[in-house]
Amino acid sequence: MDAPAAAPAVERHAAFPWDEVGGQDDAVRTLAAAASDQAGMTHAWLITGPPGSGRSTLAHAFAASLIAEPGDEAAMRQVLAGTHPDLTALRTEGVIITIKDARSLVERSYFSPSLGRYRVIVMEDADRMVERTSNVLLKALEEPPERTVWILCAPSEADLLPTIRSRVRVLRLREPDVEDVARLIEQRTGVDHATAEQSARHAQRHIGMAQRLATDAAARGRRDDTLRGVLQVRGVSGAVDVAGRIVQAATEDAKALTAERDEAERSSLLRTVGVAPGAAVPPAVRSQISALEDEQKRRATRSLRDGIDRVLTDLQSLFRDVVLLQFGRADDLINRELESELRSVAEAWDPRRTMVVLDQIAETRRNLEQNVAPVLALESMLVTVATGRTP
């Protein structure tokens, strides 16, 4: 079921809790109207949109407006912080959402709200459910308690089973433009407009990635170094060297993103079970530590995979720019800072070679989803960049 477009107007960035949602005015109007009209409320939603379009931000703003009484900003902030007792949210840290996690959400969905108007279940990354896991949700989505609302998030409807799609109201987000994202990043971080615009452009309008690029000069530097390195690949030895550097950088980046959190989780668990800092871990607690470490390894695997995929997305933008230049279009480049180098490639290559490279990058992304060794996959792809031929 598709959500209707018409709804009472809500000013962009004018009303809390919607002020962190950028470039999705129609979606905000639809959800704000639904939250204010309990008689017409739908109890299962699917928010779809490309990565970085703000699905999860919108889902949590919607949850805040559903749970809190109108005007109760304290309760809304509690929901947005993830600490309100009537909110249950899941964002998988692994490659898939497990049946155990899905069952836990279903169990929580049958509790009555303790403080708020509704109990809200937010499932981010709903596309990471396999069929058996999706089946766990079906009855809960079809017949939820009167005051429970499910909000699922996924890139597209096609990423979920038809049986799930038939039980939800679909709200499709548009892809925000560069200026929308740049304005939002300026508001959130206080960076200058030039940095915000460049970050939004390089992130290809992915809000989360744009925010990271805008606030992390090292991340911007790694991206630039990677793209320049790929443009300079000339043979097999160069392909091997650059592939190794990409994987090493992605591995270090993944560790930096997860190490502090891993240590905090371990320390918190040990405090909870009464183990003093530096003390030996009792045998009775080791199984809990082992389970935590397994979960952290799954999170690290996903973080590394996501990091390499992000590099491949950047490379797609690079050679997409080459194609534009080959066809005489220079007004919509993503990587404007590299225009001179891109023009050199565009002049040296036939457009068919560029398309072969783009196809190989897309194939590499698919292969990595199937757990192909990252270094080997990247080496093969970069040989195609160097030679114009597929292995």
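Since we're looking at a predicted model, the values are computed, not measured.
Here Leu138 contributes atom CG and Thr163 contributes atom OG1; the two are 4.5 Å apart, rounded to the nearest 0.5 Å. For the atom pair CD (Glu175) and OG (Ser53), the distance works out to 8.0 Å, reported to the nearest 0.5 Å. Atom OG1 of Thr30 and atom CZ of Arg172 lie 12.0 Å apart (nearest 0.5 Å). Here the OG atom belonging to Ser109 is positioned 5.5 Å from the CD1 atom belonging to Ile121, to the nearest 0.5 angstrom. Between Glu146 atom CD and Met41 atom CE the span is 12.0 Å, to the nearest 0.5 Å. To the nearest 0.5 Å, atoms OG1 (Thr189) and CG (Asp216) are separated by 12.0 Å.
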### Query
Between Leu46 and Glu157, is a side chain to side chain contact (heavy atoms under 4.5 Å, CB included) present by the stated rule, with each step listed?
CA-CA 8 Å; Leu46 171 61; Glu157 298 160 64; 4.2 Å; yes

### Task
Evaluate the salt bridge (charged side-chain N to carboxylate O under 4.0 Å, His left out) criterion for residues Arg222 and Asp225: first the C-alpha distance (whole Å), next the side-chain angles of each, then the deciding distance (0.1 Å), finally the verdict.
CA-CA 5 Å; Arg222 283 193 297 272; Asp225 290 344; over 6 Å; no

### Message
Could you go through Glu143 and Arg167, starting from their C-alpha distance and side-chain angles, then the distance that decides it, and tell me whether this counts as salt bridge (charged side-chain N to carboxylate O under 4.0 Å, His left out)?
### Response
CA-CA 9 Å; Glu143 300 175 2; Arg167 289 164 170 79; over 6 Å; no

### Query
Are Gln198 and Glu337 close enough, and set up right, to give a side chain to side chain donor-acceptor pair (under 3.5 Å), and what steps lead you there?
CA-CA 9 Å; Gln198 182 193 74; Glu337 297 75 12; 3.1 Å; yes

### Message
Let's go through Thr195 and Asp192 carefully: what are the C-alpha distance in whole Å and the side-chain angles of both, what is the deciding distance for side chain to side chain donor-acceptor pair (under 3.5 Å) to 0.1 Å, and is it a yes or a no?
### Response
CA-CA 6 Å; Thr195 300; Asp192 61 89; 2.9 Å; yes

### Message
Set out, in order, the CA-CA distance, both residues' side-chain angles and the distance that settles side chain to side chain contact (heavy atoms under 4.5 Å, CB included) for Glu341 and Leu338, then state yes or no.
### Response
CA-CA 5 Å; Glu341 292 88 339; Leu338 297 173; 4.1 Å; yes

### Audit row: Asp309, Leu368, side chain to side chain contact (heavy atoms under 4.5 Å, CB included) steps and yes/no
CA-CA 8 Å; Asp309 188 70; Leu368 288 173; 6.0 Å; no

### Task
Assess whether salt bridge (charged side-chain N to carboxylate O under 4.0 Å, His left out) is satisfied between Glu363 and Arg366, documenting all intermediate values.
CA-CA 5 Å; Glu363 179 67 20; Arg366 289 190 291 270; 2.7 Å; yes

### Stepwise salt bridge (charged side-chain N to carboxylate O under 4.0 Å, His left out) check, Arg320 with Asp332
CA-CA 10 Å; Arg320 169 259 191 198; Asp332 192 30; 3.0 Å; yes

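Judged by the 6.0 Å and 45° rule, Arg77 forms a cation-pi pair with Phe16.
Counted by atom type alone, Thr364 and Asn367 present zero donor-acceptor pairs between their side chains at under 3.5 Å. Residues Gln326 and Glu347 bring no donor and acceptor atom of their side chains to less than 3.5 Å of each other. With no hydrogens or angles considered, no side-chain donor-acceptor pair links Thr313 and Gln204 at under 3.5 Å. Checking Ser317 against Asn335 by side-chain atom types alone, a donor-acceptor pair falls below 3.5 Å. Residues Ser156 and Asp159 bring a donor and an acceptor atom of their side chains to less than 3.5 Å of each other. No hydrogens or angles considered: a donor-acceptor pair under 3.5 Å links the side chains of Gln211 and Arg188.
Looking at Arg228 and Asp224, a side-chain N of the basic residue comes within less than 4.0 Å of a carboxylate O on the acidic one, giving a salt bridge. A salt bridge between Arg103 and Glu107 is absent, with no side-chain N of the basic residue lying under 4.0 Å from a carboxylate O of the acidic one.
Counting heavy atoms from C-beta on, the side chains of Asp314 and His202 never come closer than 4.5 Å. Within the 4.5 Å cutoff, side-chain heavy atoms of Gln78 are placed close to those of Pro85. Contact of the Arg91 side chain with the Val122 side chain is not registered, since no non-hydrogen atoms from C-beta on lie closer than 4.5 Å. Using a 4.5 Å heavy-atom cutoff, the side chains of Glu197 and Val178 are in contact. Side-chain contact between Asp125 and Cys153 is absent, with no heavy-atom pair separated by less than 4.5 Å. Within the 4.5 Å cutoff, the side chain of Arg117 has no heavy atoms near those of the Ile67 side chain. In this structure, Glu186 and His193 have side chains that are in contact, with non-hydrogen atoms separated by less than 4.5 Å. Side-chain contact between Leu171 and Leu58 is present, with at least one heavy-atom pair separated by less than 4.5 Å.
Of the options Met381, Arg310, Arg365, a side chain to side chain contact (heavy atoms under 4.5 Å, CB included) to Leu315 is made by Met381 and by none of the others. Of the candidates Thr148, Thr88, Leu90, Thr88 is the only one forming a side chain to side chain contact (heavy atoms under 4.5 Å, CB included) with Arg108. With respect to Leu173, the side chain to side chain contact (heavy atoms under 4.5 Å, CB included) criterion is satisfied by exactly one of Ile47, Thr48, Asp26: Ile47.
Linking Ile, Leu, Val, Met, Phe, Trp and Tyr residues whenever their side-chain heavy atoms come within less than 4.5 Å leaves Val311 and Val383 in two separate clusters. When the side chains of ILVMFWY residues are joined at heavy-atom separations under 4.5 Å, either directly or via intervening members, Leu141 and Ile99 end up in a single hydrophobic cluster. Residues Leu333 and Leu318 share a single hydrophobic cluster, defined by chaining ILVMFWY side chains whose heavy atoms lie under 4.5 Å apart. Side-chain heavy atoms closer than 4.5 Å link hydrophobic residues (I, L, V, M, F, W, Y) into clusters, and following such links, even through other members, never connects Val356 to Leu358. With hydrophobic clusters built from ILVMFWY side chains whose heavy atoms lie under 4.5 angstrom apart, Val181 does not share a cluster with Ile334.
Between His60 and Val79, the shortest heavy-atom distance links the atoms O-CG1, 4.2 Å. Scanning all heavy atoms of the two residues, the minimum distance from Val191 to Ile185 falls at CG2-CG2, 4.1 Å. When all heavy atoms of Val21 and Ala61 are compared, the pair lying nearest together is CG2-CB, 4.3 Å. Summarising the geometry of Leu152 relative to Ala126, their closest heavy-atom pair is CB-CB, 4.0 Å, with the distance given to 0.1 Å. A pairwise comparison of heavy atoms in Glu339 and Ala330 identifies OE2-CB, 4.2 Å as the closest pair. Across every non-hydrogen atom of Ala182 and Ala196, the tightest pair is O-CB, 3.6 Å.
Aromatic ring orientation, Trp45 versus Phe62: perpendicular (interplanar angle above 60°, classes split at 30° and 60°).
Clustering of Ile, Leu, Val, Met, Phe, Trp and Tyr side chains at separations under 4.5 Å places Leu213 together with Met209.
In this structure, the side-chain hydrogen bond (donor to acceptor under 3.5 Å, both in side chains) partners of Asp241, at least two apart in sequence or on a different chain, are Arg245.
Between the Ser104 side chain and the Lys100 main chain, no donor and acceptor come within less than 3.5 Å of each other. Remark: side-chain polar atoms of Arg205 are not paired, donor with acceptor, to backbone N or O of Asp177 under 3.5 angstrom.
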